[in-house]
Protein chains: 2
Amino acid sequence: MADHNQQIAHFENICRAHGLKMTHQRLEIFHTLVRSSEHPSAETLYKMLEKKLPTLSLDTVYRTLATFVELGLVKRVETPGSQARFEAKIEQHHHFFCDQCGQLIDFTWHSFDEVQLPDSIESIGTIRDKNVVIHGVCNHCQNSDSD
Amino acid sequence: MADHNQQIAHFENICRAHGLKMTHQRLEIFHTLVRSSEHPSAETLYKMLEKKLPTLSLDTVYRTLATFVELGLVKRVETPGSQARFEAKIEQHHHFFCDQCGQLIDFTWHSFDEVQLPDSIESIGTIRDKNVVIHGVCNHCQNSDSD
DNA sequence: TATCATATAAGATTTATTCTTAACTGATAC
DNA sequence: GTATCAGTTAAGAATAAATCTTATATGATA
């Protein structure tokens, strides 16, 4: 398990540096996202939080996520689903997307991270980030298919 | 330049095999997509075709693309943009996405295609497809930034 | 303690996409 | 060739995700 406290400290620093107030909502949304591995949508986050913050509004979740993405604290993950999904994971990682259930699973692949890209990339542009996306069927779906 | 005729023959076979009529609209939409390298959205395709098919409706473009995706003739490409984008490219390839202009550029990387995935994948699921997505700034944007 | 950024509520707006219905077109089977 | 029926069109309605609006309330920080 990664050191979430450190990440939350970083989050607080960034907010302070940008003169953003540390509201319960922001803190809880970030906490939830950092601790979740399911890459939730705004709506999912809203539901995850409704017990802890009964007055939270979906609008605030959207607004807050947009702020976080702008600050680079959170990433929007592209998926085939209709709703945008988010993650607060900082370490370099890659995604396995289950075409059956829509689950998104992180994995690491250090040898890929260090490999050099093909020369042809130079004629295309400058790299900020390189990621692997695997599409397939997760083991859970695979097993439940066998009935 | 790839052999588009072969791809179009394949397209016709698949349509016939599924009892789908070879309408002008379907043919032109597929032609345009096969020959385009810009991964157009439904709306972009619609605009690309409005001269050739003045009576074409946007609805038909959406409907036709959905049919093609279902038949596996066309792929929906996930991008950070709000509109879905499509490609008819069959050969294994990867994507460079320009964060500045939203352009999506294909590239090939054979050594990646052949490399083995990390063992950890086995505990996740079965692979259908693996792709690299690079985010960065294309050379065109890079150059026009320097003013 | 005061100030002001933020959150909330309620509802309107925007945008992409899909659906509906009715009339028409044209591809394919015969 | 002609009939049939899938598919297209038009026009407009319906959905759904996301964003915005306005007025009021809250609560973090100086």
Side-chain angles (χ1 to χ4, degrees), chain A residues 8 11-32 39-47 49-71 73-86 102, chain B residues 8 11-32 39-47 49-71 73-86 102:
Chain A
I8 286 163
F11 159 71
E12 291 178 353
N13 287 336
I14 296 281
C15 284
R16 221 169 285 127
H18 288 264
L20 296 181
K21 295 194 173 163
M22 284 303 318
T23 65
H24 287 157
Q25 293 84 345
R26 283 181 179 155
L27 210 54
E28 289 299 340
I29 289 169
F30 192 77
H31 269 236
T32 307
H39 313 81
S41 65
E43 195 138 6
T44 306
L45 269 170
Y46 175 63
K47 279 172 188 155
L49 282 165
E50 63 184 3
K51 266 171 204 157
K52 199 156 190 181
L53 299 177
T55 68
L56 181 68
S57 75
L58 179 56
D59 194 73
T60 296
V61 180
Y62 275 113
R63 205 166 359 87
T64 303
L65 285 170
T67 306
F68 290 172
V69 169
E70 212 164 307
L71 297 178
L73 291 163
V74 163
K75 274 191 182 169
R76 193 180 293 265
V77 185
E78 300 313 320
T79 71
S82 57
Q83 290 185 324
R85 290 168 70 173
F86 301 86
Chain B
I8 285 163
F11 158 72
E12 291 178 353
N13 287 337
I14 295 280
C15 283
R16 222 170 283 127
H18 287 264
L20 295 182
K21 294 193 172 162
M22 284 303 316
T23 64
H24 287 160
Q25 293 83 343
R26 284 182 179 153
L27 210 54
E28 290 300 339
I29 289 169
F30 192 76
H31 269 235
T32 308
H39 313 80
S41 66
E43 194 137 7
T44 306
L45 270 169
Y46 175 63
K47 279 171 188 155
L49 282 164
E50 63 184 1
K51 265 171 202 155
K52 198 156 193 182
L53 300 177
T55 69
L56 180 67
S57 76
L58 179 57
D59 193 73
T60 295
V61 180
Y62 274 112
R63 207 169 356 88
T64 303
L65 285 170
T67 305
F68 291 171
V69 168
E70 214 163 308
L71 298 178
L73 291 163
V74 162
K75 273 191 182 170
R76 192 181 293 265
V77 185
E78 300 312 320
T79 70
S82 57
Q83 292 184 323
R85 290 169 69 173
F86 301 86

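Bear in mind that the values here come from a model prediction, so they are computed numbers and not experimental data. The chains referred to below are lettered A, B, ... by the order of the sequence lines, with proteins before strands, and numbering in each begins at 1.
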Nearest 0.5 Å, what's the [atom1]-[atom2] distance between [X] and [Y]?
X	Y	atom1	atom2	value
A:T67	A:I14	OG1	CD1	13.5 Å
A:L65	A:R63	CG	CZ	10.5 Å
B:C15	B:F68	SG	CZ	5.5 Å
A:L58	A:T60	CG	OG1	8.5 Å
B:N13	B:H18	CG	NE2	10.5 Å

Smallest heavy-atom separation, A:A42 atom then A:V61 atom, equals O-CG1, 3.4 Å

Restricting to non-hydrogen atoms, name the atom on B:Q83 and the atom on B:S41 that form the minimum distance, rounded to 0.1 Å. OE1-OG, 3.1 Å

Below 4.0 Å: OP1/OP2 of D:dT8 and any side-chain N or O of B:T60: no

Is the distance from OP1 or OP2 of D:dT9 to the nearest side-chain N or O of B:Q25 less than 4.0 Å? yes

Check the distance between [N]'s [atom2] and [X]'s [atom1] and give it to me in whole angstrom.
X	N	atom1	atom2	value
A:R26	D:dG27	CZ	P	15 Å
B:H18	D:dG7	NE2	P	12 Å
A:L53	C:dA9	CG	P	12 Å
A:E28	C:dA7	CD	P	13 Å
B:Y46	D:dT8	OH	P	14 Å
A:F68	C:dT6	CZ	C1'	12 Å

Compute the angle between the rotation axes at the two ends of the helix from C:dT1-D:dA30 to C:dC30-D:dG1, each taken over five pairs, rounded to 10 degrees. 50°

Side-chain donor-acceptor pairs of residues 20-32 of chain B under 3.5 Å, sequence neighbours excluded:
from  : atom 1 : to    : atom 2 : distance (Å)
B:T23 : OG1    : B:R26 : N      : 3.1
B:R26 : NH1    : B:K21 : O      : 2.9
B:H31 : ND1    : B:R35 : NH1    : 3.1
B:H31 : ND1    : B:R35 : NH2    : 3.3
B:T32 : OG1    : B:E28 : O      : 2.6

The contact string for nucleotides 17-30 of chain C, one letter per nucleotide 5' to 3', using protein heavy atoms under 4.0 Å with B, S and - for base, sugar-phosphate only and none, comes out as SBB------BBS--

Go through B:K75 and B:F86 one step at a time and tell me if the side chain to side chain contact (heavy atoms under 4.5 Å, CB included) criterion holds. CA-CA 6 Å; B:K75 273 191 182 170; B:F86 301 86; over 6 Å; no

